[in-house]
**Student:** 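Before we start, here is the structure in question, set down as structure tokens.
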Amino acid sequence: MKIDRLVSILSVLLQKEKVTTTYLAEKFEVSKRTILRDIESLNKAGIPIVTSQGNGGGVSIMENYKLDKTLLSSNDLHSIIAGLKGLDSVSGTNQYKQLMHKLNADNSTVSTTDNRFIINLSGWNKNAYADKIELINTAIEKKLRIAFRYFSPSDESERVIEPYHIIFQWSNWYVWGYCMKREDYRMFKLGRIADLQLTDTQIENREIPEYNQQNLWNMDNQIKATVRFDKHVKWRLIDEWGVDFLKYDDDGNIVITFTWSDLPAFFQFILSFGDKAEIIEPADYRKEFAKILKNIQECYQT
């Protein structure tokens with residue numbers, strides 16, 4: 001729809017000092033003539049779009065112009081503030097206040113006491129993430145590599161990566177980038193990172209693939225198992241997979257066939273349920289897990 005494209009063009013122009021009509025045409029998959037008509041529509045809406053010809057020319061919003069607050073509804077502004085407050089809960093940067101200044105909105109437009117949405121992305125130890133996020137963000141802006149010590153289920157290692165994204169998903173913070181050790185793109189959990197440092201080495205000019213969460217489910221060495229869970233831990237399974245994913249046996253217990261990243265991580269997950277989970281198949285996993293349980297029992301024998 002045209003209105004969606006106009007809003008998207010406006011968003012691009014607010015983030016970039018100047019872009020070409022060719023860039024906008026390719027981005028929105030329309031002709032340059034359509035982009036020129038869109039720019040004319042934005043001008044008629046009262047947004048001063050400036051175009052310049054020749055080398056270094058392009059399309060931009062007039063310098064020092066503030067977006068008219070009437071272009072966004074009160075609900076739009078509430079949503080923007082709620083999202084940015086969520087980021088502030090980790091970084092403490094008060095970015096939402098800066099955005100409201102750019103939007104030329106004041107307290108009469110959006111009440112600061114309206115807390116219909118409260119988004120807190122910080123963990124129990126807020127500082128453990130805030131400093132890391134700030135340093136990684138600096139590295140991304142300056143196009144510098146970062147170095148750190150990383151603790152994974154298999155080992156402890158020194159890593160150097162070229163960071164491209166700071167990601168919050170699966171209820172945790174991650175950094176995604178090119179790992180020099182693995183010579184491939186990897187995700188690292190911020191909670192497992194120690195001794196994080198900003199290096200003075202510039203990021204190389206690479207063809208960066210688009211980050212896609214779905215690709216992360218197709219991991220190497222992925223394992224598959226069927227597990228029976230006691231009905232009393234249904235709440236945990238709903239947290240993990242949702243109500244619709246669960247299947248039940250005749251006794252009301254949950255039987256699920258699912259994949260996991262690797263076998264050690266799978267065993268740790270099952271152990272967290274105590275005697276409320278039983279591996280049904282494959283048989284090899286049952287035998288190996290039984291050995292783990294035997295070793296645990298021996299640790300507690302007096």
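Index from 1, following the sequence. Here the structure is a predicted model, which means the values were calculated and not measured.
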**Student:** For D251, does its backbone N or O pair with a side-chain atom of D249 as donor and acceptor, under 3.5 Å?
**Tutor:** yes

**Student:** More than 12 heavy atoms of other residues, nucleotides or ligands under 6.0 Å from NZ of K143: is that the case?
**Tutor:** no

**Student:** Report the distance from atom OH of Y248 to atom CG of N253, rounding to the nearest 0.5 Å.
**Tutor:** 10.5 Å

**Student:** Mind checking whether R186 and Y150 have side chains closer than 4.5 Å, heavy atoms only?
**Tutor:** no

**Student:** Is the gap between the ring centers of F148 and F188 under 6.0 Å?
**Tutor:** yes

**Student:** For E156, does the CD atom sit with more than 12 other heavy atoms under 6.0 Å from it, leaving out its own atoms?
**Tutor:** yes

**Student:** Check whether more than 12 heavy atoms from other residues, nucleotides or ligands sit under 6.0 Å from atom CZ of R206, and answer yes or no.
**Tutor:** yes

**Student:** Within a reach of under 6.0 Å around CD of Q53, are more than 12 heavy atoms found that belong to other residues, nucleotides or ligands?
**Tutor:** no

**Student:** Within the 4.5 Å heavy-atom criterion, are N172 and L190 side-chain neighbours or not?
**Tutor:** no

**Student:** Should I256 and L246 count as side-chain neighbours, where that means a heavy-atom distance under 4.5 Å?
**Tutor:** yes

**Student:** Is E278 paired with R286 through a side-chain N to carboxylate O contact shorter than 4.0 Å?
**Tutor:** yes

**Student:** To the nearest 0.5 Å, what is the distance between CG on L237 and CZ on F229?
**Tutor:** 5.0 Å

**Student:** Got a second to check how far I254's CD1 is from D230's CG, nearest 0.5 Å?
**Tutor:** 7.5 Å

**Student:** Other residues, nucleotides and ligands only: do more than 12 of their heavy atoms fall within 6.0 Å of CG on N205?
**Tutor:** no

**Student:** First locate atom CZ of F267, then atom OG of S272, and finally report the distance between them rounded to the nearest 0.5 Å.
**Tutor:** 13.5 Å

**Student:** Could you check whether any side-chain heavy atom of I39 comes within less than 4.5 Å of a side-chain heavy atom of N43, counting everything from C-beta outward?
**Tutor:** yes

**Student:** Does some side-chain heavy atom of I203 sit less than 4.5 Å from a side-chain heavy atom of P163?
**Tutor:** yes

**Student:** Do T34 and F28 have side-chain heavy atoms sitting under 4.5 Å apart?
**Tutor:** no

**Student:** Evaluate the side-chain proximity of R159 to R182: yes if any heavy-atom separation is below 4.5 Å, no if none is.
**Tutor:** yes

**Student:** Could you check if a side-chain atom of M180 sits within less than 4.5 angstrom of a side-chain atom of R145, using non-hydrogen atoms only?
**Tutor:** yes

**Student:** Charged N to carboxylate O below 4.0 Å: is that the case for E40 and K44?
**Tutor:** yes

